[in-house]
Amino acid sequence: MSGTFGKGHHLHLIDGSAFIFRAYHALPPLTRKSDGLPIGAVAGFCNMLHRYVEGNTGPDAPTHVAVIFDKGSHTFRNDMYDKYKANREAMPEDLRPQIPLTRTATEAFNIACKEKEGFEADDIIATLAVQARAAGGRCTIISSDKDLMQLVGGGVEMLDAMKNKSIDRDGVFEKFGVYPDRVVDVQALAGDSVDNVPGAPGIGIKTAALLINEYGDLDALLERAGEIKQPKRRQTLIDHADQIRLSRDLVKLDENTPLDFTLDDLEVRDPDADQLLGFLAEMEFRTLSKRVAEVLGKEAPTIAEAPVAADAPVAADVPFDAELYEHVSDTAALQAWIDRIYEFGYVAVDTETTGLDDMVAQLVGISLCVEPGKACYIPLIHKARGSDDLFGSDDLAEGQIPTEEALRLLTPMLEDPSILKIGQNMKYDSKIFAQLGINVAPIDDTMLLSYAMHAGLHGHGMDTLSERYLSHTPIPIKPLLGTGKSAITFDKVPLADAVKYAAEDADITLRLWQLFKPQLHRVGVTKVYETLERPLVPVLAAMERSGVKVDRDTLSRMSNAFAQKMAGLEDEIYELAGRKFNVGSPKQLGEILFDEMGLEGGKKGKTGAYATGADVLEDLATEHDLPARVLDWRQLSKLKSTYTDALQDHINPDTGRVHTSYSIAGASTGRLASTDPNLQNIPIRSEEGRRIREAFVAEPGKALVALDYSQIELRILAHIANIPELKQAFQDGIDIHALTASEMFGVPLDEMTSDVRRQAKAINFGVIYGISGFGLARNLRIPRAEAQGFIDRYFERFPGIRTYMNDTKAFAKEHGFVQTLFGRKIHTPEISAKGPRAGFAQRAAINAPIQGTAADVIRRAMIRMPHAIKDLPATMLLQVHDELLFEVEKGAEDDLIAAARQVMENAADPVVKLDVKLDVDAGVGASWAEAH
DNA sequence: GACATCACG
DNA sequence: GACGTACGTGATGTCC
């Protein structure tokens, strides 16, 4: 399309400074290999331009486009107000030389590049947008700068390229509470701390919008300021009227910037392949050159591989050699290591201990590494071999620094805020040090780096990572410790072996860190790692060390009661079966039920054994008493073995409390997992099981407080899939399952029966899991066709759900991962598999953003919690996915609930603005049963 | 160590 | 049209 710009034309205006700023902060400080020129921002800028150009296909593609830049630091606004943008930070040194290169880049892409001395880019954009509107064409401003929102409307809209979200008049209203024509008035009142626009003191956007909407516009408001009821607000407006008018002039964009070009000069042009590829080659952008060349159908330019600096060894260059590891046996050698650590500013640390339970294990030795291949082990309490070679004596081996002495030297370094301590699963090591009163900080964790980048692809244990990323199989621990009863602890491992094994772990950790850390940016998960993973480590360490008090007598009494009941049931079962057998053996039970007794419905699984799961037995229970008895027996057996018995063994003899361990990198979705023991699956659904929670108690003088998010996953679904009815119901506090039932079946809310509600509830949950007719039918025990009918009606009523499911599957197929609202990536490698695996992967992909976002939310709450409750006599003890359990001194319960609820309900802010509020329910009691 | 089962969100 | 089918976990007991 050509001719004079007008109807049918579509102008894109890109806010160049915003692109540069974003590119600069999104990428690590890259430099051009050949000469060290800082190039990160240019690289990011080019990537964004390329992506932009590639994304511009289809009927909505622009006919005209320009990138608009700021020029010069002095504009007419500085003449109006000398403090305008006065508290802007200076441009970073390494960004300055890149600015002109972004102009060159724009021209290399053959996109119009415009700027004007004395004017901000915003003014040029305003002028062009107004011209485009006047000519009857459309204009899209690619920026998220709120100052540009005053231009929206009448064919002008904005596009946030990062979020790929367009902002129209309603979007502006959402942001400012007024439509675009009054945005300037609101900004004039609210001011802007970034640009140093003064505004009216004490008035923010909300109040400003309120006032403008009440009085019509700013002039009317200032004229009638005397009518304002609130005395403080009235006085502010009267006193600062001039300042407010000045602010309006500052934020009002100049729509009449004199320009020496017209819209027609901005017509979209094809890039000149040679020019573009030439520029990219000059910048030495290998990957982008290749990508662009592919699109243009050209050969990628060859870019000479610059020699890697000799003094920067990378992991791949240094072979693993355990013989080179150093045994640090005296303080002089240790001091030399500490000195080296201070030279580098970081160190990989690993502790060796007497066991895997970090609440009990004792420190045996410490290994350190600052450069690949150069690591040491500092043994502390290794035992000397006894005369009979059987470690009969308690004597320490030679060549060890006394623990106290070594820690005296190491502690300042471990606690030094300027020295980064790198570990693999640092929560373990920091807990070991915490036992000794040493507070290790700051930390980096290779396990969590991997988790942030590779969740869903593979595990994140050191052996896995070493083999995958370093092509090196670590020395196995088993031959050193042995197995079973004859296994020894690490302090009995001979020093020569211990040095090799232990130092290698630090070596591997350092190499992984060197490899992973720069990749974080590239994978785009720096924020995830920095805000959701790393800060959680000390929080969890503290919770685990606190533990929760569990009353042994309560458990013991329950255990005896269960045993008695089970014995009674066993007698009945043998009677009904006609013989004795092992009730706990599904295999034997299946044979009894289906072969000997000849009951119908025996189905064999893959392994050829009959299925005897609860669902099968429940069906059989209508026909026969035996399956019902077995179900009862199984419930008791589960409660006894897993809870009343095993839990007692987990009571720490020193603290009298149970200390679980949370794995941060276990669940692919971002959820935590609790192990040894698992305190996230303590019974609650059955009345009998629920009583186990009576054993979880507060110390005398204290109470337990439980706070849990109400329906968090459904709220997140309502937001992500954008379902207006569900969002409204949550805002209004309406029973969401009843609402769903009402919408689907046309039953008014006040006539809802519990059965219809129950069905709707199953559907709501099913949706979160990637529903299927079969699955819903089985869950509700209704015919499959009927279940499918429900699902069809649900999708019809809430079409956004189907769109979400389809979009998510498509996204996973295209990218190989899905994302939470906070940017956590969950990889879905099997999404394109054949057969049933694809189905699994698709449902997991649908579920992951929902479950994962909820997990992110509570992580954020937990990370903020210590600060929020620091002045209260309270401790955070447990997390159960959507619940936090606290122990608090009596009298402070309400204060704690208020503080913790505040943090939990606002945990998504300010990164994610949820369309639904988050509600938190709270309970207090002497036991977990009472508090829930 | 695999499998079945069942506890939780 | 057949196939297999609700998401994410951990602990326990049986059986080979």
Side-chain angles (χ1 to χ4, degrees), chain A residues 455-456 581-590 604-617 630-631 633-647 649-650 660-663 666-686 688-690 692-693 708-714 717 762-780 784 787-788 791 805 808 818 826 828 834-852 854-855 858 878-883 932:
Chain A
F581 70 102
N582 186 345
V583 185
S585 164
K587 185 167 171 272
Q588 292 181 32
L589 177 66
K604 296 189 177 180
K606 308 165 212 176
T607 55
Y610 289 114
T612 68
D615 48 346
V616 176
L617 296 189
V630 172
L631 280 170
W633 183 92
R634 278 197 185 157
Q635 190 196 7
L636 296 173
S637 165
K638 180 80 173 185
L639 293 176
K640 182 171 186 295
S641 66
T642 310
Y643 300 104
T644 56
D645 289 350
L647 218 40
D649 299 335
H650 282 287
T660 185
S661 178
Y662 289 102
S663 49
S668 60
T669 53
R671 271 196 180 177
L672 302 179
S674 162
T675 63
D676 309 300
N678 182 354
L679 295 185
Q680 289 181 323
N681 70 347
I682 302 302
I684 191 166
R685 291 176 188 168
S686 78
E688 293 208 280
R690 192 189 192 100
I692 307 265
R693 295 187 177 223
D708 67 287
Y709 284 108
S710 164
Q711 308 285 11
I712 186 167
E713 292 193 352
L714 277 174
L717 174 70
I763 297 168
N764 273 334
F765 279 108
V767 162
I768 292 176
Y769 301 147
I771 197 160
S772 77
F774 183 92
L776 184 65
R778 198 176 52 179
N779 187 293
L780 287 176
R784 190 176 157 178
Q788 191 55 54
I791 294 170
M805 294 172 78
T808 305
V818 293
I826 298 115
T828 55
K834 292 232 165 184
R837 300 156 80 100
F840 279 110
Q842 286 174 7
R843 292 191 297 273
I846 288 164
N847 173 259
I850 303 167
Q851 186 182 119
I858 198 166
L878 300 178
Q879 188 249 43
V880 192
H881 308 310
D882 64 358
E883 170 186 357
H932 209 281

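In what follows, every chain begins at residue 1, and chains take the letters A, B, ... in the order their sequences are listed. What you see below is based on every heavy atom in this structure, not just the backbone, and it leaves out hydrogens, waters and symmetry mates.
Rounding to the nearest 0.5 Å gives a distance of 10.0 Å between NZ of A:Lys587 and OG1 of A:Thr607. Rounded to the nearest 0.5 Å, atoms CD1 (A:Ile850) and OG1 (A:Thr808) are 7.5 Å apart. Here A:Lys638 contributes atom NZ and A:Leu636 contributes atom CG; the two are 13.0 Å apart, rounded to the nearest 0.5 Å. Atom CG of A:Leu589 sits about 10.0 Å away from atom CG of A:Asn582, to the nearest 0.5 Å.
The same atom, C1', is picked in C:dC3 and in B:dC8; the two are 31 Å apart, to the nearest Å. Separating the P atom of C:dT5 from that of B:dC3 is a span of 15 Å, rounded to the nearest Å. Nucleotides B:dA4 and C:dG4, compared at atom P, are 15 Å apart to the nearest Å.
Rounded to whole angstrom, the span from the CZ atom of A:Phe581 across to the C1' atom of C:dC15 amounts to 16 Å.
Remark: the backbone N or O of A:Gln879 is paired with a side-chain donor or acceptor of A:Tyr662 at under 3.5 angstrom. Using modelled atom types, no side-chain atom of A:Ser637 and backbone atom of A:Trp633 make a donor-acceptor pair closer than 3.5 Å.
Counting heavy atoms from C-beta outward, A:Leu647 and A:Leu679 have side chains that approach closer than 4.5 Å.
Residue-level contact check: A:Ala762 touches the bases, meaning some heavy atom is under 4.0 Å from a base atom. Using a 4.0 Å heavy-atom criterion, one finds that A:Gly613 contacts the sugar-phosphate atoms exclusively. Heavy atoms of A:Ile850 sit nowhere under 4.0 angstrom from any nucleic acid atom.
Protein chain A touches strand DNA chain B; the 5'-most and 3'-most nucleotides with an atom under 4.0 angstrom of its non-hydrogen atoms are B:dC3 to B:dG9.
Nearest-nucleotide positions on DNA chain C place A:Pro836 closer to the 5' end than the other of A:Ala845 and A:Pro836. Sequence order on DNA chain C of the closest nucleotides to A:His881 and A:Ser772 puts A:Ser772 first from the 5' end.
Residue-to-nucleotide contacts include a donor-acceptor pair under 3.5 Å from the side chain of A:Arg784 to the base of C:dT5.
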With B for base contact, S for sugar-phosphate-only contact and - for none (protein heavy atoms under 4.0 Å), nucleotides 9-14 of chain C reads SBBSSS
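For A:Arg843, no side-chain nitrogen or oxygen approaches OP1 or OP2 of C:dA6 to under 4.0 Å.
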Note, DNA chain C 5' to 3' with Watson-Crick or G-U pairs under 3.5 Å encoded as ( ), [ ], | and . gives ......|||||||||.
